[in-house]
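To start, the structure under review is shown below, and the notes come after it.
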There are 2 protein chains.
Amino acid sequence: MSPKRAPGSDGAASAMPGGVWLRAPRPPSAGGGAAQPALDRERIVAASVALLDERGTAGLTMRKLAEALGVHATSLYWHVAHRDDLLDLALDAVFGEVTLPARAAGDWRADVTAFMDGLRTALLRHPWSGALAGSRPLLGPNALARSEFVYAALVGAGFRGDDLSAAAGAIANYVIGTVSAEAAWRHGDARDETAGRRALLARLNGSAEAHPTLAAHPPSLRTDWEGHYVRGRDFLLAGLAGSRAGD
Amino acid sequence: MSPKRAPGSDGAASAMPGGVWLRAPRPPSAGGGAAQPALDRERIVAASVALLDERGTAGLTMRKLAEALGVHATSLYWHVAHRDDLLDLALDAVFGEVTLPARAAGDWRADVTAFMDGLRTALLRHPWSGALAGSRPLLGPNALARSEFVYAALVGAGFRGDDLSAAAGAIANYVIGTVSAEAAWRHGDARDETAGRRALLARLNGSAEAHPTLAAHPPSLRTDWEGHYVRGRDFLLAGLAGSRAGD
DNA sequence: ACCTGAACACCGTTCAAGT
DNA sequence: ACCTGAACACCGTTCAAGT
């Protein structure tokens with residue numbers, strides 16, 4: 001036995017994305033009269049989010065995070081098992097920023113719309129988070145609480161079984177996908193986006209015969225991300241509503 | 001002037017994801033009687049895809065790739081500007097595997113379905129590719145050719161302007177999102193997925209009062225990924241079809 | 001034109017040691 | 001229980017030099 005690291009090691013799930021949530025949590029520290037530890041998960045997560053906001057996913061390194069916290073890099077390994085854990089933890093903190101109506105409206109479309117819009121807003125506030133949300137299981141407590149809300153709305157609408165999970169998956173994937181695409185284009189900087197669009201348009205014009213439809217319906221230089229999001233969201237909701245029409 | 005690196009440097013777009021496609025391509029080598037170069041983009045891309053398939057995104061390093069190609073790591077920088085370029089290039093190679101009907105069926109739903117299913121198959125064949133596709137602009141020649149096909153189908157259905165780009169975006173995002181989620185859960189290994197599901201179920205049961213709906217409609221241990229994909233796809237297509245019904 | 005080799009400034013993670 | 005410090009085995013990228 002004699003665990004080397006407090007968070008425990010299940011072996012299998014250790015290196016898996018989303019793995020933090022699948023390991024046994026550390027028992028709370030004894031407390032009593034003991035000295036306040038310099039570090040805890042809460043502080044580590046807050047500093048991680050701040051660093052991610054500033055420097056992006058690649059900019060979150062154990063050394064820079066430790067420096068921001070005033071400790072040695074290796075000290076972090078007492079509190080988390082790998083750098084990957086920081087990403088899962090920070091991502092769930094972003095899900096915690098998704099505000100939901102205190103009580104469901106009873107109108108499932110309104111509830112689902114509120115969730116989708118709230119999620120989009122939170123993910124856009126932290127441009128690194130969309131890509132992360134798309135690439136790992138969303139199992140943190142905050143993510144699960146948001147799932148609970150969506151599932152409740154969909155069950156109220158009559159979705160069950162595989163229809164239910166397919167609908168919930170489509171809803172989350174749509175928001176995450178559009179936010180990721182938007183963040184990828186923006187890349188932090190709106191000037192980059194315009195430059196990219198311009199280069200793309202030049203290429204489309206240069207090979208119009210290969211892409212006649214794209215050349216005839218070119219993307220605008222200044223994408224209306226929100227407008228596109230709303231349209232696609234309503235396409236999806238209409239499709240979901242149609243599938244319940246027979247009930 | 002005197003460029004240090006053949007692919008050129010536009011400055012702005014250099015470090016941007018998708019940036020390879022926005023820089024001027026290298027002029028073809030003079031040829032003539034000169035000796036065959038040891039490296040070219042085609043070989044580099046093929047080796048990158050193979051390495052990504054074997055070791056995942058983090059496993060693609062300049063040194064390992066160079067070793068596989070029998071050259072020094074720094075030699076690669078003659079042919080690409082950064083490691084990031086390899087990801088864009090490899091991803092577009094995956095898009096090249098998406099087979100489409102030679103001619104559009106004329107039925108836009110059939111055409112879009114063929115594209116979506118083809119894209120899903122190709123992305124799943126290379127488990128690293130879904131997350132990548134979700135996190136960078138898709139501007140390679142193969143991706144653009146697939147876009148052309150989808151746009152043509154949607155224009156045929158009557159979509160125009162922002163409806164057109166929103167529809168095309170929703171379609172691509174849906175496929176990419178579901179594949180990314182599936183790959184994230186699988187994490188290469190089906191045993192991991194079952195273990196993860198089991199841990200999740202245990203947590204849901206442990207806090208059923210916090211998540212009554214999730215506890216009442218738990219995820220199955222063995223997810224029917226394809227079935228969920230098909231259902232969500234048809235929800236989306238139904239919504240898109242409904243929006244054209246008035247025409 | 002294309003590749004090498006040495007070098008720089010980083011990484012994540014481990015482990016024994018301190019308190 | 002929690003943090004330090006040294007150490008290991010890596011990274012991407014630059015740049016002068018070779019051919």
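Proteins come first, then strands; the chains are lettered A, B, ... in the order of their sequence lines, and each starts at number 1. Below, each value reflects all heavy atoms present in this structure, side chains not excepted, and no hydrogens, waters or symmetry copies.
The shortest non-hydrogen separation linking B/Thr57 to B/Trp128 is OG1-CB, 3.7 Å. Residues A/Ser135 and A/Pro17 share a closest heavy-atom pair of O-CB, 4.4 Å.
Separating the C1' atom of D/dC15 from that of C/dC3 is a span of 13 Å, rounded to the nearest Å.
Looking only at distances, a side-chain donor or acceptor of A/Arg146 sits under 3.5 Å from a matching main-chain atom of A/Val98. The backbone N or O of B/Asn142 sits less than 3.5 Å from a side-chain atom of B/Asp92, completing a donor-acceptor pair.
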Show the distances under 3.5 angstrom between N or O atoms of the protein and N or O atoms of nucleotides 4-6 of chain C.
{"unit_1": "C/dT4", "atom_1": "OP2", "unit_2": "B/His72", "atom_2": "N", "d": "3.0"}
{"unit_1": "C/dT4", "atom_1": "OP2", "unit_2": "B/Ser75", "atom_2": "OG", "d": "2.4"}
{"unit_1": "C/dG5", "atom_1": "N7", "unit_2": "B/His72", "atom_2": "NE2", "d": "3.4"}
{"unit_1": "C/dG5", "atom_1": "N7", "unit_2": "B/Thr74", "atom_2": "OG1", "d": "3.4"}
{"unit_1": "C/dG5", "atom_1": "O6", "unit_2": "B/Thr74", "atom_2": "OG1", "d": "2.9"}

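Proximity of B/Lys64 to the phosphate of D/dC10: no side-chain N or O atom is located under 4.0 Å from OP1 or OP2.
Computed from coordinates, the A/Tyr77 OH to C/dC11 P distance equals 12 Å when rounded to whole Å. Rounded to whole angstrom, the span from the CZ atom of A/Arg83 across to the P atom of C/dT14 amounts to 15 Å. Computed from coordinates, the B/Met62 CE to C/dC11 P distance equals 18 Å when rounded to whole Å. In this entry the distance linking CG of A/Asp40 with P of D/dA1 reads 17 Å, nearest Å. Atom P of nucleotide D/dC2 and atom NE2 of A/His79 are separated by 7 Å, given to the nearest angstrom. A/Leu39 has its CG atom 10 Å from the P atom of D/dC2, to the nearest Å. Atom CG of A/Leu60 and atom P of C/dC10 are 16 Å apart (whole Å). As rounded to whole Å, 6 Å separates atom C1' of D/dA1 from atom CH2 of A/Trp78.
Residues A/Glu182 and A/His228 bring no donor and acceptor atom of their side chains to less than 3.5 Å of each other.
Two residues are said to be in side-chain contact when any heavy atoms from C-beta on lie closer than 4.5 Å; B/Leu144 and B/Trp21 fail this criterion. Here the side chains of A/Tyr151 and A/Ser165 are in contact, with some heavy-atom distance below 4.5 Å.
Nucleotide D/dT4 is matched to C/dA16 when pairs are restricted to Watson-Crick or G-U wobble geometry with both distances under 3.5 angstrom.
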